[in-house]
Amino acid sequence: MSAALLWVVSPNSEVSSGFGFLESVREGNRLLDSSKFSPRDRTLICHGRFKKIKKQSYKIEKKGNFPVLSSMVANPAGELAITSEQKVYDVVLKQAALVKKHLKSDEEYDVKPDIVLPGTSSLLSEAYDRCGEVCAEYAKTFYLGTLLMTPERRRAIWAIYVWCRRTDELVDGPNASHITPTALDRWESRLEDLFRGRPFDMLDAALSDTVTKFPVDIQPFKDMIEGMRLDLKKSRYKNFDELYLYCYYVAGTVGLMSVPVMGIALESQATTESVYNAALALGIANQLTNILRDVGEDARRGRVYLPQDELAQAGLSDEDIFAGKVTEKWRNFMKNQIKRARMFFDEAEKGVTELSSASRWPVWASLLLYRQILDEIEANDYNNFTRRAYVSKPKKIVALPVAYAKSLVPPSRLSLLSAKSS
Ligand SMILES: CC(C)=CCC/C(C)=C/CC/C(C)=C/CC/C(C)=C/COP(=O)(O)OP(=O)(O)O
């Protein structure tokens, strides 16, 4: 279900950048009473899903149950601030534009040929092989999935995986207690170097090569480091807007890094933005699931990744989490959190079908497996304080052929048409 609203914006609005101030809204021929819209809602939103009808009139798609979200919220000082969702969507648009440029210049979505200096080729394949070993060691199922991809894509995904793992280990690994913001700054300048073709070590060299072959942008990588900085200084999230930004930094970024390598099916007619949006949604869904699974474990480290305002609305506080008792209030709270995580998985599903055929199976497999963790939290009667929800081996084995069957579904004509018209 989608409802088209016609938004008329004020003359000095910068609609091209996604912002504007709402003058009036029409639904069909009906002029809606715009005085009913709060100042926040009068600020134009729309995440690029708008189509120019005539000067200053835009048709905006409102999808499913998702309200058209305001791109701006008033902060406590009464100033308008951009929401995390809009900030992140701006990155999505930038990534999508990069892929389009690459597509135009290459005609076909494929890798650039190697320019090999004598002696470097075997070093490079050694570097990639090492990345493959790390991936196989830490993410076995995902590694098996990558074996289905073309050799260039598979190696590139390994290189990205390894960089993300090393970044994560800075704050989560054995030396995490010594990590400082300065160390993260150094890691970031190393990242910049490798994007300029000056890798620091062998594993960086693999990624350095990958970013010359695929239209991968540095922004999501920098944002992931930003997520680590945030994790160092923050252990509470006021509301979902703050949590959303954190989830983007640490997991949504992985989705954005992966799409240029996984590739969009040549026959897909979905907009590049919509595929990136789905990839972002999968990262967010995975991270939300991770947070819900690890509530007890995080609390023992003094961390609560749940939105504080939603906890309070449910009549809960940090103390309840530290006490770790499954009460009716907790069950109700968890039901809503699980519902939201599932909405992000649903959003992600729409994009998997649009990926190149060989990338669909591993992505479906990881989506189905990770989403099942939510079912396991329910099966544990919402005790995520002392029980770690996990998907059993037999269930994992069943998920693989299901994922395979789903991966055979080609990009759908229907979704293409609606994606095109938005
Ligand atoms: C859907 C489309 C169009 C493309 C796919 C794009 C991709 C690959 C998105 C996935 C992003 C991703 C894998 C994010 C990481 C999320 C996450 C919470 C990982 C958890 O990592 P670990 O902490 O190692 O997990 P475990 O603790 O479960 O082992």
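Predicted model only: the values in this text are computed from it and were never measured. Just the heavy atoms: all of them, side chains too, but no hydrogens, waters or symmetry mates, feed the values below. For ligands, and for the atoms within them, numbers begin at 1 and follow the listed sequence.
Taking every non-hydrogen atom of Gly351 and a distance limit under 4.0 Å, the qualifying atoms of ligand 1 come out as 3 (C). Ligand-side atoms of ligand 1 in range of Val363: 5 (C), range being under 4.0 angstrom from any heavy atom. Set against the non-hydrogen atoms of Val254, the atoms of ligand 1 under 4.0 Å away are 11 (C), 12 (C), 14 (C). Distances below 4.0 Å separate heavy atoms of Ser258 from the following atoms of ligand 1: 8 (C).
In this structure, the protein non-hydrogen atom closest to atom 7 (C) of ligand 1 is Gly255 CA, 3.8 Å. For atom 27 (O) of ligand 1, the closest heavy atom belonging to the protein is Arg293 NH2, 2.9 Å. The nearest heavy-atom contact from the protein to atom 22 (P) of ligand 1 is Asn290 ND2, 4.4 Å. The protein atom (non-hydrogen) at minimum distance from atom 15 (C) of ligand 1 is Ala251 CB, 4.0 Å. Here the heavy atom of the protein found nearest to atom 13 (C) of ligand 1 is Asn286 ND2, 3.8 Å. Nearest to atom 18 (C) of ligand 1 among the protein's heavy atoms is Gln287 OE1, 3.2 Å.
Ionic pairing of Asp193 and Arg196 is present here: one or more N-O contacts between side-chain nitrogen and carboxylate oxygen are shorter than 4.0 angstrom. A salt bridge does not link Lys238 to Asp309: none of the charged nitrogens lies less than 4.0 Å from a carboxylate oxygen.
A cation-pi arrangement, defined by a distance under 6.0 Å to the six-membered ring centre and an angle within 45 degrees of its axis, is absent between Arg331 and Tyr382.
The nearest protein heavy atom to atom 25 (O) of ligand 1 is closer than 4.0 Å.
Side-chain contact between Gln337 and Leu288 is absent, with no heavy-atom pair separated by less than 4.5 Å. Side-chain contact between Lys234 and Glu242 is present, with heavy atoms from C-beta onward closer than 4.5 Å.
Scanning all heavy atoms of the two residues, the minimum distance from Thr353 to Val409 falls at CG2-O, 3.4 Å.
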> What do the steps show when you test Arg300 against Asp294 for salt bridge (Lys or Arg N to Asp or Glu O under 4.0 Å), and what is the final call?
Replying inline: CA-CA 10 Å; Arg300 285 185 282 283; Asp294 297 342; over 6 Å; no
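Neither the backbone nor the side chain of Thr289 has any atom closer than 4.0 Å to an atom of ligand 1 (non-hydrogen atoms only).
The ring-ring contact (aromatic ring centres under 6.0 Å, His included) analysis of residues 277-329, with sequence neighbours excluded, yields the pairs Tyr237-Tyr305, Tyr246-Tyr305.
In this comparison of Phe142, Tyr370, Tyr390, the heavy atom closest to atom 19 (C) of ligand 1 sits on Tyr370.
Partners of Glu188 under the side-chain hydrogen bond (donor to acceptor under 3.5 Å, both in side chains) rule, at least two apart in sequence or in another chain, are Lys222, Arg229.
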